[in-house]
Amino acid sequence: GDSVTQMEGPVTLSEEAFLTINCTYTATGYPSLFWYVQYPGEGLQLLLKATKADDKGSNKGFEATYRKETTSFHLEKGSVQVSDSAVYFCAIFKTSYDKVIFGPGTSLSVIP
Amino acid sequence: NAGVTQTPKFQVLKTGQSMTLQCAQDMNHEYMSWYRQDPGMGLRLIHYSVGAGITDQGEVPNGYNVSRSTTEDFPLRLLSAAPSQTSVYFCASTWGMNTEAFFGQGTRLTVV
């Protein structure tokens, strides 16, 4: 069945370091792709999304590009801040099943 | 603008007890979902609804019931609580499944 795989965490980075969180998916057709972020004690919030191949989603300095050929949607940020410490979830949606499928989440800690 | 409101925030139940987790949204969204979040497993879909009067099972529906009598409300019922249902529960709503999902702040449930 359709699924989402994310890199294992937790990830610990120093402030201003470069961030990459890998995400790959298994699905037929052209799902929409999302990154959600969960700050401590809160629910999930949409960070960015892309709906078709080669689209780039961006928000708050984070970027991810929809790569159909590698079925990937890796999240990147050039310079992380302490306030970016959170859990990041990759997710896919396909119209045919009306459901969003989430990856397991990657915990990020940024230290000063 | 309340968004998605979940109650209660915390709950402790004894094995065999029943209870209802409440979820309400004020955005006139058609789609609503319930997830549980467990360490290392990300978010798993319990039940979802594509409109008032319509519900369907997700990935882990056993032990839970839902109903959707109005657009605004989507309560989740635990019929006979078990320790395996100890988790954090999130309700989410969205206008269309290809658009941003809005999450409540979660209910932390412990079954002893």
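Chain A is the first sequence line, chain B the second, and so forth, proteins listed ahead of strands; every chain is numbered from 1.
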Task: Neighbour count above 12 (heavy atom, 6.0 Å) for B/Arg108 CZ - done: no
- [ ] Inspect the surroundings of NZ in B/Lys9 and state if more than 12 heavy atoms from other residues, nucleotides or ligands are less than 6.0 Å away.
- [x] no
Open item on the list: Using 0.5 Å steps for rounding, measure from the CD atom of B/Glu100 to the CG atom of A/Leu44.
Closed with: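 Going from CD on B/Glu100 over to CG on A/Leu44, the span is 11.0 Å.
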TODO: Examine whether an atom of B/Gln37 lies under 4.5 Å from a heavy atom of chain A, and if so say whether it belongs to the side chain, the backbone or both; otherwise answer neither.
DONE: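 Just its side chain gets close to chain A.
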- [ ] With a 4.5 angstrom heavy-atom cut-off, could you sort out which part of B/Leu43 is near chain A: side chain, backbone, both or neither?
- [x] both
- [ ] Taking heavy atoms only and a threshold strictly under 4.5 Å, list by residue number the residues of residues 36-43 of chain A that touch chain B; give 'none' if the list is empty.
- [x] A/Tyr36, A/Gln38, A/Gly41, A/Glu42, A/Gly43
Open item on the list: Please output the residues of residues 15-25 of chain A in contact with chain B, using a heavy-atom cutoff of under 4.5 Å, in numerical order.
Closed with: none
Task: B/Tyr35 side chain near A/Val100 side chain, heavy-atom distance below 4.5 Å - done: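 Answer yes - side chains close enough.
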Open item on the list: Let me check something: do B/Ile54 and B/Leu45 share a hydrophobic cluster, defined by ILVMFWY side-chain heavy atoms less than 4.5 Å apart, either directly or through other members?
Closed with: yes
Open item on the list: Please say yes or no: joined through hydrophobic side-chain contacts below 4.5 Å, possibly via intermediate residues, are B/Leu79 and B/Leu13 part of one cluster?
Closed with: no
